[in-house]
Amino acid sequence: MEIRRQNDIIAFRAPGELPVAFHARNLEVADISEDLWNAISNPEDSELQSILNDWNSETNPAVTTHKLAQEIRSLTINVTQICNLKCTYCAAGGDGTYGAAQTKISVEKTLPQLKYFLDKLPDTGTFRIGFIGGEPLLYPEGIRAISNYVKLMTAGRNLRAQFAIVTNGTLLSDANIELLKDINSNVSVSIDGAAEINDISRPMKNGQGSTALVIEGLKKLFAVKSELGSITLHGVFTADNMNLVKAYEFYRQFPADTYEFTYSVSDLNQKASDDFTRAMREVAAIAYAEGGESALRKINFFNRVFSALDSQRRTENFCGAGKSLLVVDARNNLFSCPWDVGNAAEKVGHGSEVSEAALEKYAQPLIEQNNCQSCWARFLCGGGCMFVHKEATGSKNQKNGQFCERQRTLMETAILYFKKCRQTDIQKDSDYGKH
């Protein structure tokens, strides 16, 4: 892939294909002529330079910016800090405990905490609750009590309650699936592929494989898919497992809404990072060849980029950590990020006591805090994951170069596929075509 840039105009050219340009600030995709492609690296052509400069300086009135208010609308709750698996790459202390085992959260302490945040919200929009662990389905009674309370507290208000769970999928019993149906939960099941891969990376604590249990649970889950929210299959990939293509082939046997491929937050291996990027591009090629845009958009990364380009909506924050999102650990401590749990220095409150001073450092948009203003991908990336940055650099706001490189490379790929999928919509004129 060859890349050329002039200010906010970035042009890409894949081997054997025509060049495509992207306006970083306006989120516009354009076919460009050979002459304009050449002019990007030839400042002596004043006429073509004028065309490029005119486009670069344009302001697209259709573009909007997704801004996060300092208003907590999402709580991620560690209903347990224990797990029945022992994943090889676990970033939660190796066993789901984040370094401090807690078998279950105190519902009695959690309900007043929920009330505190609910009472601060106006009667509009959505209040999101995410259940994580450890393994959250080790404490289904807690999930039911918390969700029932939230539904009760939002009843009669123009405030929608939305629930989600991240589970390892080994405890999808009939009773637990009934619980997920009752709360119309979005469900993300963590599984890294078929048994020959997943049993190695995600074994039970006794060393036995977990895959057979997960598949059994998935069959039950998909049997009631219409009574749930979305279903995601999520894999984590490390230097020891870059089998993204095999994982994708495995995932496709299930009618999931989304497939999520994540590079391990703690793996700083440059070769593995490059291999992950290549494998993601291979998965994208397979998806596009076999199912076009619909298949490509089942992969979460590509769907997010397509959605941003379709809506021309800029993102200033990779996530809402500390702005719209807080995390409640199993001791009712508050953190800005799930991966901060157990780190006393990152604690921002307890119960209904929240340190406004601790949250103040998260107020500024991430693309500004992380000095992303010169990056062409800034409004698609939103500044990146603070925890991923911290793992590599020691600071949440000092960028992890590997992460940035992966993001940019995959966004180049997404933009080229977007252009292919929108080929009939992209208009050309003598200067440039814009979508």
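Start at 1 with the first residue, then count along the sequence. Bear in mind that the values here come from a model prediction, so they are computed numbers and not experimental data.
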Thr103: partners by side chain to side chain contact (heavy atoms under 4.5 Å, CB included), with sequence neighbours left out: Ile82
Rounded distance [0.5 Å steps], CD1 in Ile129 versus CG in Leu114: 5.0 Å
Would you check if Leu325 and Ile72 make a side-chain contact, meaning some heavy-atom pair closer than 4.5 Å? no
Who are the side chain to side chain contact (heavy atoms under 4.5 Å, CB included) partners of Pro140, not counting sequence neighbours? Asn176, Leu179
Do Leu171 and Leu138 have side chains that approach each other closer than 4.5 Å (heavy atoms only, starting at C-beta)? yes
Applying salt bridge (charged side-chain N to carboxylate O under 4.0 Å, His left out) to Asp8 and not counting sequence neighbours gives Arg25, Arg378
Only pairs at least two apart or in different chains count here, so list each ring pair (Phe, Tyr, Trp, His ring centres under 6.0 Å) that has a residue in residues 277-317. Tyr288-Tyr417, Phe306-Phe418
Just by distance, no angles: are the side chains of Tyr89 and Asp192 close enough, under 3.5 Å, to form a donor-acceptor pair? yes
Residues in salt bridge (charged side-chain N to carboxylate O under 4.0 Å, His left out) with Asp257, at least two apart? Lys225
Which pairs with one or both residues in residues 311-338 pass salt bridge (charged side-chain N to carboxylate O under 4.0 Å, His left out), sequence neighbours excluded? Lys67-Glu316
From Ser190 OG over to Asn198 CG, what is the distance, rounded to the nearest 0.5 angstrom? 9.5 Å
With Leu121, which residues qualify under side chain to side chain contact (heavy atoms under 4.5 Å, CB included), at least two apart? Glu71, Arg73, Phe127, Arg157, Leu159
In terms of ring plane angle, is the pair Phe276 and Phe237 parallel, tilted or perpendicular, where the classes change at 30° and 60°? tilted
Tell me every residue that passes side chain to side chain contact (heavy atoms under 4.5 Å, CB included) with Ala62, counting only those two or more places apart in sequence or in another chain. Asn60, Gln312
I'd like to check the salt bridge (charged side-chain N to carboxylate O under 4.0 Å, His left out) partners of Glu178; sequence neighbours left out, ordered by chain and number. Lys181
Scan residues 383-416 for pairs that pass ring pair (Phe, Tyr, Trp, His ring centres under 6.0 Å), counting only residues two or more places apart or in two chains. Phe318-Phe403, Trp339-Phe387, His389-Phe403
In plain terms, say whether Asp340 and Lys396 are close enough for a salt bridge, that is, a side-chain N and a carboxylate O under 4.0 Å apart. yes
Does any part of the side chain of Asn78, heavy atoms only, come nearer than 4.5 Å to the side chain of Val328, both counted from C-beta? no
Filter on side-chain hydrogen bond (donor to acceptor under 3.5 Å, both in side chains), then keep only pairs touching residues 214-224, sequence neighbours left out; what's left? none
Those residues at least two apart in sequence (or on a different chain) that pass salt bridge (charged side-chain N to carboxylate O under 4.0 Å, His left out) with Glu290 are Arg252
Is the shortest side-chain heavy-atom distance between Phe131 and Leu75 below 4.5 Å? no
